[in-house]
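These numbers come from a predicted model, not from an experiment. Numbers restart at 1 for each chain; the letters A, B, ... are given by sequence-line order, proteins then strands.
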Amino acid sequence: VKSASTRALIALALGGVLTLGAFLGTFFWAGVPDFGFVRTAGRAESVRYQGPFKQEVAEARYLQNYVGYRAEVETDGDIVQGTITEASDDAVTLDADGDSVTIDAADVTSAIVSGSTYGRPDWGQKIFYFHVPVAEISFIVFAVAAFYSLRFIMTRRRQYDQKARVAMEVTLTFIMLTMATGILWTRAAWGVWWEWEPRLTTYFIMTLLVIAYFVLRNSVEDEERRALYAAAFSILGFIDAPISFFITRLIPSNHPVIERGGLETPMLVSFIVAQIGMLLVGYAIYQLRMGEMKLTDRIEHAKTLLEG
Amino acid sequence: MALVPLIMFAGSVGIAGVGTLLATMSVNTSGKDFVLPVLFIPLMYPLLLGAVSATAAAITGGPDAMGGFWIGMAWVVGYDVIMLLASYGLYEFIVGA
């Protein structure tokens, strides 16, 4: 394909299809892990029905937690079977085949409750196929930006500065996507939007570094000086950035880490497809923005020619 | 407690090394007094992390804390070496601009 922008559009379409396909496909292909078990009094109306459960209750007052469940309550030599209709610290009322029986909590020698239990599907885990590739690409594009910054310092050619800047913009885009998906996941899995935890904190620091890069760019007037300062800062920033990647292996952290061989085949294949797709999307955004920059340059050039 | 000056020294070296480069850069920007902290604080974070945990271990003292102390010191010294080398390499270009 001749034109860079056509190539970028093809990469964007292909990457979008792969990423979305992997993300949606995992709902059907890769298994949904259980987040925890839920107990109910009746038969669980769930596709992930686990089966019945039967449990002895340690103290009679705990029967308050099982109103509506079937129970077998034993008093001195007498066993009452029925559904718990009411329970307090002092007494428990059972509905035994239409007869209402009230038993003092002090008289209860043992009690067994029964119902059913089902696994609560952890749908939140599915964001893994989106969040992790996005986060990885943010590191890769940051590396590309640092590479072009180094090239700029060595050669002082303006095109490398432009490339580094565009790569940094793509990094910021991917960092923001990582943050958004990560925040959604922590809310679903940990019950909080944000936690000052090693991985999250260092990633937040990386976000600040990338934002600081643009603050620096916008506060220097002279074009050559701006390019040089920005290049130096992005190299320093990139030395800092990998800490976020490795910190979960150094300091105990709540953030999950993929272990070697920890993914089943459907999960692994979907994950790899999502990674390839996201790499294509990153490349496409970079190329499209680069094309836009080149067009702007040509327009500026034409303007100066017309004025002169 | 006797080890606190060691951390203070190692930490100061890192702060001075990177700080000098960033200060040279921020002098030539339009918002001098706010650009420096914006650049400096996130870049300083790994050093701060190591120095704080090492200081905490040194003040707590005892044989149990020594492992944490040396891990913190490894962070600080590693950061010092890498960042000083990078800053030293870049300084010439920044001053020349």
Side-chain angles (χ1 to χ4, degrees), chain A residues 142 146 149-156 160-161 175 196-247 249-253, chain B residues 14-15 17-50 52-54 56-57 67-68 70-76 78-97:
Chain A
F142 203 160
S149 300
L150 200 63
R151 291 288 293 158
F152 174 78
I153 286 184
M154 281 154 59
T155 62
R156 301 296 174 93
Y160 288 124
D161 175 52
I175 283 179
W196 291 108
E197 181 268 349
R199 170 56 75 76
L200 273 61
T201 312
T202 47
Y203 202 75
F204 178 67
I205 294 294
M206 185 172 144
T207 313
L208 290 183
L209 279 171
V210 177
I211 292 171
Y213 175 86
F214 292 106
V215 171
L216 179 64
R217 275 201 91 94
N218 289 330
S219 62
V220 183
E221 302 289 333
D222 181 46
E223 201 168 314
E224 183 146 343
R225 197 173 259 172
R226 176 204 297 156
L228 199 60
Y229 287 5
F233 186 73
S234 79
I235 290 168
L236 284 182
F238 183 68
I239 297 171
D240 257 24
I243 290 168
S244 173
F245 192 79
F246 293 113
I247 197 144
R249 283 140 178 110
L250 297 170
I251 296 177
S253 161
Chain B
I15 287 178
V18 181
T20 310
L21 181 74
L22 292 182
T24 315
M25 273 157 63
S26 66
V27 158
N28 292 318
T29 57
S30 50
K32 291 180 186 95
D33 29 0
F34 99 98
V35 171
L36 183 60
V38 166
L39 303 179
F40 190 57
I41 290 171
L43 215 53
M44 213 60 339
Y45 175 77
L47 179 74
L48 216 61
L49 183 80
V52 166
S53 63
W70 289 115
I71 289 172
M73 276 307 283
W75 271 102
V76 173
Y79 181 94
D80 280 2
V81 170
I82 294 170
M83 279 306 197
L84 277 180
L85 281 176
S87 304
Y88 181 75
L90 292 168
Y91 196 77
E92 203 181 325
F93 297 105
I94 296 299
V95 171

_Whether over 12 other heavy atoms sit under 6.0 Å from A/Phe214 CZ_ = yes

*Could you tell me which portion of A/Ile235 (side chain, backbone, both or neither) has an atom closer than 4.5 angstrom to a non-hydrogen atom of chain B?*
side chain

*May I ask you to test the B/Tyr45-A/Leu209 pair for a side-chain heavy-atom distance under 4.5 Å?*
no

*Given the options B/Val35, B/Leu21, B/Leu49, B/Leu90, which has more heavy-atom pairs under 4.5 Å with chain A than any of the others?*
B/Leu90

*Indicate, with yes or no, if the rings of A/Phe233 and A/Tyr213 have centres closer together than 6.0 Å.*
no

*Which bit of B/Ile94 comes within less than 4.5 Å of chain A, counting heavy atoms only: side chain, backbone, both or neither?*
both

*Hey, which of A/Leu216, A/Val220, A/Asn218 has the most heavy atom pairs under 4.5 Å with chain B?*
A/Leu216

*Heavy-atom distances under 4.5 Å only: say whether A/Ile247 touches chain B with side chain, backbone, both or neither.*
side chain

*Report the option among B/Val18, B/Thr24, B/Leu22, B/Leu39 that has the most heavy-atom pairs separated by less than 4.5 Å from atoms of chain A.*
B/Leu39

*Where the side chain of A/Arg199 meets the backbone of A/Phe245, is there a donor-acceptor pair that is under 3.5 Å apart?*
yes

_Any pair counted as side chain to side chain donor-acceptor pair (under 3.5 Å), so long as it reaches residues 230-243 of chain A, sequence neighbours left out_ = A/Ser149-A/Ser234

*Minimum-distance pair of heavy atoms, taken over all atoms of A/Ala231 and A/Phe152*: CB-CD2, 4.1 Å

_Which portion of A/Arg217 sits near chain B, non-hydrogen atoms under 4.5 angstrom_ = neither

_Heavy-atom closest pair, residues B/Gly14 and B/Met44_ = O-CE, 4.4 Å

*What part of A/Ile243 is in contact with chain B, defined as an atom under 4.5 angstrom from a non-hydrogen atom: side chain, backbone, both or neither?*
side chain

*Check whether any side-chain N or O of B/Thr29 sits under 3.5 Å from a backbone N or O of B/Ser26 as a donor-acceptor pair, and report yes or no.*
yes

_Contacting moiety of B/Ile71, where chain A heavy atoms sit under 4.5 Å_ = neither

*chain A heavy atoms under 4.5 Å from B/Ile41: which part of the residue, side chain, backbone, both or neither?*
neither

*Heavy-atom distance under 4.5 Å to chain A: side chain of B/Val38, backbone, both or neither?*
both

